[in-house]
Peer 1: 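The following block contains the structure, expressed as structure tokens.
Each chain gets a letter, A, B and so on, in the order the sequences are listed, and its residues count up from 1.
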Number of protein chains: 2
Amino acid sequence: MEDSSGTTAGKGRYHHGDLRNALIDAAVGLARAGGPDAVVLRAAARRVGVSPTAAYRHFAGQPELLFAVKEAGQQRLAERMEAAVRAVPDTHPRAVEERMLAMGRGYIGFALDEPGLFRSAFCHTADDVTRLPAALSGEAPPVPGDGPAAEGLPGADADEGQFRSFRMLVEILDGLVDAGRMSPARRPGAEVTAWSMVHGLSTLVLDGPFAPLTEEQRDAAVDIALRTLVAGFTAP
Amino acid sequence: MEDSSGTTAGKGRYHHGDLRNALIDAAVGLARAGGPDAVVLRAAARRVGVSPTAAYRHFAGQPELLFAVKEAGQQRLAERMEAAVRAVPDTHPRAVEERMLAMGRGYIGFALDEPGLFRSAFCHTADDVTRLPAALSGEAPPVPGDGPAAEGLPGADADEGQFRSFRMLVEILDGLVDAGRMSPARRPGAEVTAWSMVHGLSTLVLDGPFAPLTEEQRDAAVDIALRTLVAGFTAP
DNA sequence: GTTGGATGTTCACAGCGTTAACATCCAACA
DNA sequence: TGTTGGATGTTAACGCTGTGAACATCCAAC
């Protein structure tokens with residue numbers, strides 16, 4: 001009955017079966033506990049119960065392992081944002097603004113709930129090919145499901161988390177224009193503006209000068225910032 | 001003529017004379033080149049031409065050295081912002097708005113010109129006692145020169161760079177209200193809002209999803225974001 | 001069944017942060 | 001003026017890290 005095969009995820013034998021994902025899981029655990037600096041290749045291997053050099057059969061080196069953690073973090077952030085946006089009922093008056101606020105709060109909520117993973121998701125890495133290029137020049141970003149077909153796989157291709165959240169933001173901003181709340185003249189570049197506000201808020205409250213704020217002060221500051229952002233978008 | 005004393009900054013002998021500052025300078029150099037991860041105690045000691053353990057006479061350990069680099073980075077950022085704000089002539093109509101924009105552009109300009117130092121200035125460190133507490137509860141932050149006397153020393157106490165820039169931001173926001181451009185109702189919490197936007201913009205353009213933008217796209221995005229911020233502040 | 005490529009192991013090396021024990025030198029006191 | 005003690009710097013050593021080289025194991029396909 002023992003599964004001595006390596007093709008299935010049996011944990012017993014010489015060949016692990018799914019070492020790459022096991023290492024990523026372990027590394028994500030490390031990141032959750034200690035941020036990007038805690039993503040230590042040897043520690044991940046130790047957790048999985050495998051020799052350090054085994055990791056090199058699946059990753060070029062530690063930076064690539066960290067990159068996988070980044071992708072996982074962005075994925076989870078996107079999921080959190082999606083859930084927050086979905087929680088806003090369509091029936092809500094000013095549903096678009098509310099969705100915008102919910103998205104921002106989801107973003108910051110993730111940063112506060114998963115600081116290590118959040119820091120890892122946005123930590124600097126040398127050759128961090130995180131494109132997301134034209135998008136602002138008018139072209140649509142290469143989001144999966146954008147072209148014909150290609151949909152359904154739940155795990156997704158990974159790294160698409162960044163695109164998922166970006167696409168979400170684009171839709172909400174378009175919604176603001178469609179609802180007549182935002183002048184079309186203000187629409188171009190609004191993605192950067194919105195993302196900057198929410199991301200800056202998250203990082204400054206997490207690690208920056210606003211970390212000492214009490215929970216109440218923090219929540220109030222978040223509310224004010226997001227409403228000021230919407231006020232800027234909806235200004236004439 | 002040789003200065004074999006250690007009290008002056010003679011570089012010749014057994015006792016360095018100003019090793020602490022020399023190590024900080026070296027560490028800042030490392031940070032400029034490679035960000036916070038490049039702030040390696042042994043490398044700094046090597047640059048100064050001293051044994052690694054000598055550093056422990058002046059720092060509790062590597063984290064404390066990194067902290068000194070953070071302070072230096074915040075100091076330089078504040079100087080850059082001050083210069084940018086000063087460059088706006090008082091005679092300018094809407095001088096307050098212009099100063100606001102200049103400050104933001106100075107901030108982002110520093111991030112782009114000194115990415116390693118900027119990342120170091122805002123990198124996460126465990127016991128990073130960077131208070132800046134009540135400030136939002138109405139109390140004034142403990143800025144030097146706030147109380148009676150205490151002014152003139154150019155080098156400052158260090159770490160006050162954070163307070164310097166914060167104080168600058170407060171003054172400009174107050175100016176917006178005084179000029180009647182910003183509703184007093186929007187004033188509370190505006191520091192967090194403004195700083196978040198500018199900081200988020202900087203980090204996302206530096207390391208985040210907007211890093212691939214061309215210089216033109218980047219400048220345009222910065223302009224849009226800052227103007228949206230001002231629009232939010234000056235909205236009714 | 002044999003075998004080759006994928007996968008995992010042991011060994012080794014250099015660089016890092018850090019501690020312990022020892023060396024040097026200036027400053028202050030006699 | 002001579003001695004000495006504390007501040008400052010040095011060498012040696014430990015365990016940790018990332019990583020390469022050589023070797024071992026095992027599944028899959030011939």
Peer 1: Would you mind reading off the distance between A:Tyr56 atom OH and C:dG8 atom C1', rounded to a whole angstrom?
Peer 2: 14 Å

Peer 1: Measure from CG on A:Leu30 to P on D:dG18 and round the result to the nearest Å.
Peer 2: 10 Å

Peer 1: Parallel, tilted or perpendicular: which one describes the rings of A:Phe118 and A:His199, with boundaries at 30° and 60°?
Peer 2: tilted

Peer 1: Nearest whole angstrom, please: distance from the P of D:dA7 to the CG of B:Asp18.
Peer 2: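 Interatomic distance, CG of B:Asp18 to P of D:dA7: 18 Å.
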
Peer 1: C:dA6 P sits how many Å from A:Arg20 CZ, rounded?
Peer 2: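 It works out to 16 Å between those atoms.
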
Peer 1: Nearest heavy-atom pair of A:Ala121 and A:Lys70: which atoms, and what distance?
Peer 2: O-CE, 3.4 Å

Peer 1: Between B:Val28 and B:Val69, what is the shortest heavy-atom contact and its length?
Peer 2: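 Result for this residue pair: N-CG2, 4.0 Å.
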
Peer 1: Select from A:Arg46 and B:Ala54 the residue whose nearest nucleotide in DNA chain D is closer to the 5' end of that strand.
Peer 2: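 It is B:Ala54 whose nearest nucleotide is closer to the 5' end.
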
Peer 1: Using whole Å, report how far CZ of B:Arg57 lies from P of D:dT11.
Peer 2: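 So the two atoms are 13 Å apart, to the nearest Å.
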
Peer 1: Please name the nucleotide paired to D:dT8 by Watson-Crick or G-U wobble geometry with both distances under 3.5 Å, or report none.
Peer 2: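 Answer to the pairing question: C:dA23, which forms a Watson-Crick or G-U pair with D:dT8.
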
Peer 1: Answer yes or no: side-chain N or O of B:Thr53 and base N or O of C:dT18 forming a donor-acceptor pair under 3.5 Å.
Peer 2: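 No.
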
Peer 1: Heavy atoms from C-beta onward define the side chain here; which of C:dT10, C:dG17, D:dT10 lies closest to that of B:Gln62?
Peer 2: C:dG17

Peer 1: Please state whether the phosphate of D:dA7, meaning OP1 or OP2, lies under 4.0 angstrom from any side-chain nitrogen or oxygen of B:His58.
Peer 2: no

Peer 1: Starting from P on C:dT18, measure out to CD on B:Glu64 and report it in whole angstrom.
Peer 2: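 Spelled out: CD on B:Glu64 to P on C:dT18 is 10 Å.
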
Peer 1: Could you point out which residue of B:Arg76, B:Arg80, B:Arg32 forms a salt bridge (Lys or Arg N to Asp or Glu O under 4.0 Å) with B:Asp113?
Peer 2: B:Arg80

Peer 1: Could you state the CZ-P distance from B:Arg42 to D:dG9, rounded to the nearest angstrom?
Peer 2: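 Answer to the nearest Å: 17 Å.
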
Peer 1: For B:Phe122 and B:Tyr107, take the angle between the two ring planes, folded into 0 to 90°, and tell me which bin it lands in: parallel under 30, tilted 30 to 60, perpendicular over 60.
Peer 2: tilted

Peer 1: Tell me which nucleotide, if any, is Watson-Crick or G-U wobble paired with D:dA29 when both distances must be under 3.5 Å.
Peer 2: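 Pair assignment: D:dA29 / C:dT2.
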
Peer 1: Measure CG/A:Asp37 against P/C:dG17 and give the value in whole Å, please.
Peer 2: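 Result: 12 Å.
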
